[in-house]
> 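One structure, as structure tokens, below. Some questions next.
Residue numbering restarts at 1 for every chain, and letters A, B, ... go by the order of the sequence lines.
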Amino acid sequence: MSSAVDRAAPARAEERRWVWLALPAVLFLGALFAWPVLRLLAQAVEGGTLEHLEKAVLDELYVEVLVESLEIALWVTLLCLALAYPVALWMLRAGPWGRALALFMLLLPFWTSVLVRTYAWMVILGRNGIVNRSLLEWGVITTPLPLLHNLTGVLIGMVHVLLPYMVFPIYAALLRMDPDLPRAAEGLGAPPWRVFQRVVLPLSLPGVFAGCALVFVLALGFFITPALLGGGRIIMISMLIEQQVREFLDWPFAAALSVVLLVVTLGAYWGLQRLTGGNRLAAG
Amino acid sequence: MEKRFGTVRALAGVDLDVAEGELLTILGPSGSGKTTLLKVVAGFEVPDEGTVRLGATDVTVAPPRARDVGMVFQNYALFPHLTVARNIAFPLEMRRVPRDEIARRVREVLELVELPHHAERLPRQLSGGQQQRVALARAIVFNPRLLLLDEPFGALDRKLREQMQLEVRRLQRRLKLTTLFITHDQEEALILSDRIAVMEAGRIAQLGTPDELYARPATRFVADFLGESNLIEGAWQGGAAVVPGFGPVPLPAPGTDGAPALLLLRPEALRIGAEAQSLPLRAEGRVVESVFLGVSEKFRVALDGGPELLARLPLRPSQPSPAREGDRVALGFAPEDLHVVRG
Amino acid sequence: MPPGRLLLGLVAGLVFAFLMLPLLVVFPISVSSASYLQFPPPGFSWQWYERYLSDPVWMAATWRSVKVAALATLMAVLMGVPLAFALARTRLRALRLLDRFVAAPVILPTIVLSIAIYGLFARLQLIGEWYGIAIAHAVLALPFVVILVGAALRDFDPAQEQAAMGLGATWWQAAWRVTLPQLRPSLVAASFLAFVSSFDELVVAMFLSGAAMTLPKKMFDNIMLEIDPTIAAVSVLQILLVGVCLGLVSVFGRGALTRSLGGK
């Protein structure tokens, strides 16, 4: 029986409501995110020329910066992974108080200004900093170690900022694991190392990949930490972009470098997502 | 009424009429469409075809709030951030009932569900049974035209469940609440209902009073779903149904000769051993399995050259069990206990 | 205790020490009596706190940052919460696709967003206006709000809203009186995240603030030009502020923050 009533009306009214609710944010992001970013990227090929893009990917000077940025991002990712995994594993086995304390010690630096932390590292690692003063005083060294204004300083600072981004996904993946699984493996006669290798590690891999993707992508775009701790000797691609806009007012070239950074970022992100086999368990 | 989701027909031609003051149960396994039916009645889904009427009003496309239907959800859906009193007051506030009247009606309904001293508690401070009473109070406080109960006893343990079932029935009878009750539990349906509609694959397989459905199921599905049953494939011959192992049973309104007949024998209709000897229809067999159940004992008996049948005998503490596993026994029943499901 | 666990505890302890070290060293420096950075401090003094609190430039920068963060938070919550509802509930495919687009400001390198907005605001003559920075920060904070509130909404039992509507509420009444009060932990956590992310943000502010500095910009300049312990005093105050906020969020936010971070 079909009647005069419009049966689709309630469903339509509901969808209309969702559209209206989404509209302010969508318009806002469209006007202040999508539009300016796309306009910037378009400037890379302004006037129909590819010369800026060519310069960005072919000129040895800029390729070197890109490669160094990738190397730094890779190192930061590996260091974060090496430090984060034991922490996540320890948190899994800690009691409620240990866990709460660990979360606090992860969240407090996480939410402390990057500037504050960078400043603190300068105090700690500088020529006259805490580390060098102490080592000199104890007679371990006779001349100050170069810890700041080089790769070491940049890596320490970046790892400190990005470490929580690695711990949380790994910890989340470990939490999702049924705690009976390692016990079952143990009960079946596996020694602790094998339990880890055959049960715990494979089950935490989605979290590991999610953390690596996040840390790598964020590291690639880093600006403040390398600018302050690198002392001008470490140039990452973000700093190059800033320089083009600030000092040379070369918008098309800054845009071209942005395109390169964006392509590399998205490529790395996509690639690491692929590694998880499309498994969004940990990243979701 | 019809409701489709994509290509799946969740409801395929359901026609149901709940009488004023009646408790009608929709009984069916999961996936039978009973939840969809409930959503359509409550107003969370619109049927693709057909109408929903409350009294004379067509509410097919009306939003839930305009329907005047009180609903008790599976997990009660009590608002955890509001006290018991504020939970119950919610539907009255939405209807802009004056404040002092809200206070009075909340008090009254709390008396009714026997929780007069719990008004200021939060839901999580209540036991499961108390939570359910609050959910019920909230659903009836605004005098809805229809009360919907969606598997409300599922979350309770067995003892409490039985107690709450009786309480809900008493309340429903006393207030003459027109009620639609959704469940997959056949026992619950038998206890509570004035009438039961058994659903299967989006259709109503049979509608009737509990004893009608139990004694005279219309389909194999209904016979199987309600209680335990022996479903026997027999055949018609000379105006009688031939029960394999027992022989012909003359029945009124027989089928044509040679046609198959699906016959139902409830386990409690069968008698074993000495008791069977006085019955007109008998067969011999061997006890394959016996299970002690306290109030009764259940036997699985393989008839000589016939099917395996289930028999259930009431037990008295002073009486020994009539048979053991492996024993040869006689099995019998009275012809009036045989029901033809499909001629 | 087996040696494996002992080793694990040792490594974890070292990592936590590494995480806390920079936060701890600024405390003694901030109360140093020396006028130049010196460790260990030769004596005790409140002078750097006094200097921070009495310096109109520092104070103006701080006040500006508070205003910027408050407005950015307000905008992000007012637009993000409705969007989270829409994304969590809709069946429209076009809206569903937005789900991925929303996280884009987090993944996009900040420098790219910064110069993009800089280009736009320069033409609109918004450089140096505090609310211009707030608007840009709202772009960065919006994803946090949508992700946090969206996750809470997906965990939320839809029967609650259905029950409210069945009892006579419109959807708006149900959302306002039933859903939102129960999302409070996530709303608190999201607001905190939005506020702190704006309050600490430097890259966008560097381009947009012009002569009207925010607190991070002032700190940045201070680090570049003259490292005097004033910045240590500012740092200590910031760390304490974050610590207090974290405490408040864990009381009122009931784990929403850690839960969402775990799922990020």
> Taking all atoms of both residues into account, what is the closest heavy-atom pair of A/L115 and C/P216, and its distance?
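Closest approach of A/L115 to C/P216: CD1-O, 3.0 Å.
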
> What distance do C/I111 atom CD1 and A/S238 atom OG have between them, rounded to the nearest 0.5 Å?
5.5 Å

> Under a 4.5 Å heavy-atom cut-off, does chain A meet the side chain of C/I239, its backbone, both or neither?
both

> Could you check whether any side-chain heavy atom of C/V196 comes within less than 4.5 Å of a side-chain heavy atom of A/F110, counting everything from C-beta outward?
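No, too far: nothing below the 4.5 Å cut-off.
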
> Which value, rounded to the nearest 0.5 Å, describes the distance between A/L214 atom CG and C/I107 atom CD1?
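A/L214 CG to C/I107 CD1: 6.0 Å, rounded to 0.5 Å.
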
> Heavy-atom cut-off 4.5 Å, strictly under: side chain, backbone, both or neither for C/V26 against chain A?
side chain

> Kindly indicate whether the side chain of C/I115, heavy atoms from C-beta on, has any atom under 4.5 Å from the side chain of A/I241.
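Yes, their side chains come closer than 4.5 Å.
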
> Tell me yes or no: between the side chains of C/Q238 and A/T112, is some donor less than 3.5 Å from an acceptor?
no

> Measuring heavy-atom distances to chain A, does C/A76 have an atom under 4.5 Å in its side chain, in its backbone, in both, or in neither?
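For C/A76, no heavy atom lies under 4.5 Å from chain A.
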
> Name the region of A/L218, side chain, backbone, both or neither, that has any atom closer than 4.5 Å to a heavy atom of chain C.
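Side chain only.
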
> Go through the atoms of A/V217 and report whether side chain, backbone, both or neither lie under 4.5 Å from a heavy atom of chain C.
side chain

> Kindly compute the distance separating CG (A/L23) from CG (C/L83), expressed to the nearest 0.5 Å.
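Rounded to the nearest 0.5 Å, the CG-CG separation comes out at 10.5 Å.
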
> Evaluate the side-chain proximity of C/F101 to A/V26: yes if any heavy-atom separation is below 4.5 Å, no if none is.
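The answer is no; the side chains never approach within 4.5 Å.
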
> Which bit of C/R123 is near chain A, if near means a heavy-atom gap under 4.5 Å: side chain, backbone, both or neither?
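The side chain, not the backbone.
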
> Within the 4.5 Å heavy-atom criterion, are A/L32 and C/L120 side-chain neighbours or not?
yes

> So which part of C/A138 gets closer than 4.5 Å to some heavy atom of chain A, the side chain, the backbone, both or neither?
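It is both, since atoms from each part get that close.
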
> If I measure from the heavy atoms of chain C, does A/I124 come under 4.5 Å with its side chain, its backbone, both, or neither?
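Answer is side chain: those atoms of A/I124 sit under 4.5 Å from chain C.
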
> When only pairs under 4.5 Å are counted, which of A/T118, A/L257, A/L228 shares the most heavy-atom pairs with chain C?
A/L228

> Does some side-chain heavy atom of A/F33 sit less than 4.5 Å from a side-chain heavy atom of C/L113?
yes

> Which bit of A/L163 is near chain C, if near means a heavy-atom gap under 4.5 Å: side chain, backbone, both or neither?
side chain

> Please classify the contact of A/W20 with chain C as side chain, backbone, both or neither, using a heavy-atom distance under 4.5 Å.
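Interface part for A/W20: neither.
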
> Need one label for A/A102: side chain, backbone, both or neither, based on atoms under 4.5 Å from any heavy atom in chain C.
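It is both, since atoms from each part get that close.
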
> Using non-hydrogen atoms only, which part of A/R93 is less than 4.5 Å away from chain C: side chain, backbone, both, or neither?
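When you check distances to chain C, atoms from both the backbone and side chain of A/R93 fall under 4.5 Å.
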
> Please look at C/V11 and chain A and tell me whether the side chain, the backbone, both or neither of the residue comes under 4.5 angstrom of a heavy atom of that chain.
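Side chain only.
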
> Side chain, backbone, both or neither: which part of A/L83 has a non-hydrogen atom closer than 4.5 Å to chain C?
both

> Most heavy-atom pairs under 4.5 angstrom with chain C, which of A/R17, A/R39, A/R117, A/M105?
A/R17

> I need the A/L107 CG to C/C245 SG distance, nearest 0.5 Å.
12.5 Å

> Other residues, nucleotides and ligands only: do more than 12 of their heavy atoms fall within 6.0 Å of OH on C/Y131?
no

> Is it the backbone or the side chain of A/L89 that comes under 4.5 Å from a heavy atom of chain C, or both, or neither?
both

> Do C/M206 and A/E242 make a side-chain contact, defined as non-hydrogen atoms from C-beta onward lying under 4.5 Å apart?
yes

> Angle between ring planes, A/W251 versus C/Y118, binned at 30° and 60°: parallel, tilted or perpendicular?
parallel

> Under the side-chain contact (heavy atoms from CB on, under 4.5 Å) criterion, do A/V167 and C/V15 qualify, and how do the steps go?
CA-CA 11 Å; A/V167 177; C/V15 174; over 6 Å; no

> Are C/F18 and A/H160 side-chain neighbours, meaning at least one heavy-atom pair lies under 4.5 Å?
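Side chain of C/F18 against side chain of A/H160, heavy atoms only: contact under 4.5 Å found.
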
> Which one of C/L21, C/L87, C/L14 has the most heavy-atom pairs closer than 4.5 Å to chain A?
C/L21

> What pair of heavy atoms forms the shortest contact from C/P82 to A/L21, and how long is it?
CB-O, 3.3 Å

> Which heavy-atom pair separates C/S235 from A/Y119 by the least distance, and what is that distance?
OG-CD2, 4.1 Å

> Which bit of A/W35 comes within less than 4.5 Å of chain C, counting heavy atoms only: side chain, backbone, both or neither?
side chain

> Working to the nearest 0.5 angstrom, can you tell me the gap between A/F28 CZ and C/L142 CG?
7.0 Å

> To the nearest 0.5 Å, tell me how far C/F16 CZ sits from A/M91 CE.
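Between atom CZ of C/F16 and atom CE of A/M91 there are 6.0 Å.
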
> Looking at A/F104, A/W121, A/F223, which has the largest count of heavy-atom pairs under 4.5 Å with chain C?
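When all of A/F104, A/W121, A/F223 are compared, A/W121 has the most.
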
> Is A/L175 in contact with chain C via its backbone, its side chain, both, or neither, using a 4.5 Å heavy-atom distance?
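Nothing of A/L175, per the 4.5 Å heavy-atom cut-off to chain C.
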
> Can you tell which part of A/T265 gets under 4.5 Å to a heavy atom of chain C, answering side chain, backbone, both or neither?
side chain

> Do the side chain of A/E15 and the main chain of C/T90 share a donor and acceptor less than 3.5 angstrom apart?
no

> Would you sort out whether C/L202 and A/V114 count as a side-chain contact (heavy atoms from CB on, under 4.5 Å), showing the intermediate values?
CA-CA 9 Å; C/L202 172 61; A/V114 173; over 6 Å; no

> Would you check if A/W18 and C/L92 make a side-chain contact, meaning some heavy-atom pair closer than 4.5 Å?
no

> Against the six-membered ring of C/F207, is A/R246 placed for a cation-pi contact (under 6.0 Å from the centre, within 45° of the normal)?
yes

> Picking from C/G243, C/A136, C/A104, C/G247, which has the most non-hydrogen pairs under 4.5 angstrom with chain A?
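Looking at each of C/G243, C/A136, C/A104, C/G247 in turn, C/A104 comes out on top.
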
> Name the member of C/F85, C/F220, C/F121 that forms the most heavy-atom pairs with chain A at distances under 4.5 Å.
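Looking at each option in turn, the highest pair count goes to C/F220.
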
> Please look at C/A232 and chain A and tell me whether the side chain, the backbone, both or neither of the residue comes under 4.5 angstrom of a heavy atom of that chain.
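For C/A232, heavy atoms of backbone and side chain both lie under 4.5 Å from chain A.
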
> A/A227, A/G221, A/P109, A/G211: which one forms the most heavy-atom pairs within less than 4.5 Å of chain C?
A/P109

> Provide the closest heavy-atom pair for A/A22 versus C/A86 in the form atom of the first, atom of the second, distance.
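Closest approach of A/A22 to C/A86, heavy atoms only: CB-CB, 3.8 Å.
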
> Heavy-atom distance under 4.5 Å to chain C: side chain of A/V19, backbone, both or neither?
both

> Of the backbone (N, CA, C, O) and the side chain (C-beta and beyond), which part of A/A31 lies under 4.5 Å from a heavy atom of chain C, both, or neither?
backbone

> By a 4.5 Å heavy-atom criterion (distance strictly below it), what part of C/I135 contacts chain A: side chain, backbone, both, or neither?
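When you check distances to chain A, atoms from both the backbone and side chain of C/I135 fall under 4.5 Å.
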
